[in-house]
Amino acid sequence: MWFIFSIFTAIAWGAANLFYKKGSNPDDKFSHLKIVTMVGFVMGIHAVCYMVIKDITFDPFDMIRYLPVSFMYILSMTIGYIGLRYIELSIAAPVQNSAGAVSAILLFIFFPREMSFIDIAGIIIVTIGVIGLAIFEKQAEDRALKDANQTIDPKFQLGFLAITFPILYALIDGLGTFADGIYLDELKLISEDSALLAYEFTFFIVAVLSYIYLRFIKKETFMLFKERDKGFAAILETTGQFFYVFAMAGNAIIAAPLIAAHGIFSVILSRIFLKEVMSPRQYIMIGIVMLGIIFLGVSEGL
């Protein structure tokens, strides 16, 4: 089932990226905190509903036990949201999408296991396709800006500021996924349900603090129920997180790079709903990623 959960996670997070893109405001310096607030509130609501429906008794100490993982995920996501303001003018996507490969390599180094040729081939193909697709997306954006004769502010060009956010995201998210693999798959330090609730309640606390900072310290106008795109993104992010926990618990070393393929679903959905035009090279990269996914699916069925 870990393979199915991985695919569901990738689809949900790919769709979330679509709404993050629609809802981001490059001119709003607090946009990242508004997204954090929205995601945290939705996760908190989901955690409560999940507890009630499944009749789970949650141990608050699990939030402390799972804090290293929660901290790295929330920090990397916040950095990623900041980077949304620079995403079109940096190499964010190819660097960020390498996080899955980083975690898979770390898991393989510290917790070596036998993998079939199909598994190895699938991981390599998916990773190459994801990074290649992101590079081609970046090149397409550059051409679009050039054709439109837009003047690019030097601070948004490829430089220290532009490259810092995606690199930090990839490193921190990769370490978080590596830690998650240890907690959920390798050492079984916490159950899937406890990990999910611990993460979502921690994110909820961060959201409350973020909301207090925005409304009462910075006096920002932020109406939760009027932020439609951010709301949809938060719901999809939470949906992906639900499936992600169970995917990582099943087979972390393969699930991590597979989930990183959520970028292809973002591109496909952007083509459908935002009417963005894809180049032949982008279609080729999507085909390569799908081939890798098929390899991993066949391996799971063996």
Side-chain angles (χ1 to χ4, degrees), residues 3-22 80 83-84 86-105 115-148 158 162-163 166-167 169-170 173-174 177 236 240 247 253-302:
F3 178 79
I4 301 299
F5 290 142
S6 298
I7 296 297
F8 284 166
T9 302
I11 293 173
W13 283 351
N17 285 343
L18 175 71
F19 287 100
Y20 284 139
K21 187 173 184 179
K22 289 180 65 177
L84 286 175
Y86 310 97
I87 192 68
E88 290 186 352
L89 305 173
S90 71
I91 60 169
V95 178
Q96 288 182 345
N97 288 345
S98 66
V102 170
S103 56
I105 291 170
M115 290 195 296
S116 68
F117 170 78
I118 296 179
D119 285 336
I120 296 172
I123 291 173
I124 293 173
I125 291 171
V126 168
T127 302
I128 291 174
V130 167
I131 296 176
L133 176 62
I135 291 173
F136 291 152
E137 280 189 274
K138 168 63 173 57
Q139 293 174 348
E141 288 169 355
D142 285 346
R143 284 195 298 271
L145 289 172
K146 186 176 181 180
D147 293 342
L158 183 58
I163 195 68
I167 287 178
Y169 174 91
D173 186 71
T177 306
L236 290 164
I253 196 170
I254 300 179
L258 181 56
I259 291 169
H262 68 265
I264 72 163
F265 296 104
S266 300
V267 174
I268 294 171
L269 291 171
S270 294
R271 175 68 182 87
I272 295 172
F273 294 103
L274 301 182
K275 306 303 179 183
E276 294 183 352
V277 179
M278 289 193 295
S279 68
R281 293 190 301 176
Q282 287 175 307
Y283 282 111
I284 291 172
M285 287 300 108
I286 289 175
I288 289 174
V289 173
M290 295 305 296
L291 177 62
I293 291 175
I294 291 172
F295 269 47
L296 295 176
V298 169
S299 176
E300 169 66 1
L302 294 177

Where T177 and A256 come nearest, the two heavy atoms and their spacing: CG2-CB, 3.8 Å
Close side-chain approach of L296 to D119, heavy-atom, < 4.5 Å: yes
Distance (rounded to the nearest 0.5 Å) between R281 CZ and I284 CD1: 9.0 Å
Shortest non-hydrogen separation from V126 to P257 and the atoms involved: CG1-O, 3.4 Å
Test item: I254 and F3 side chains (from C-beta on) under 4.5 Å apart, heavy atoms: no
Nearest-0.5 Å distance, CH2 of residue W13 to OH of residue Y20: 9.5 Å
Heavy-atom closest pair, residues S6 and L258: CB-CD2, 3.5 Å
Spatial distance of atom CD1 (I7) from atom CD1 (I293) [nearest 0.5 Å]: 4.5 Å
Atom of G122, atom of F295 and distance for their closest heavy-atom approach: CA-CB, 3.9 Å
Approximate separation, where rounding is to 0.5 Å, of I123 CD1 and I118 CD1: 12.5 Å
Shortest non-hydrogen contact between A247 and I259, atoms and distance: CB-CD1, 4.2 Å
Distance, nearest 0.5 Å, that separates CG of L18 from CG of L236: 9.0 Å
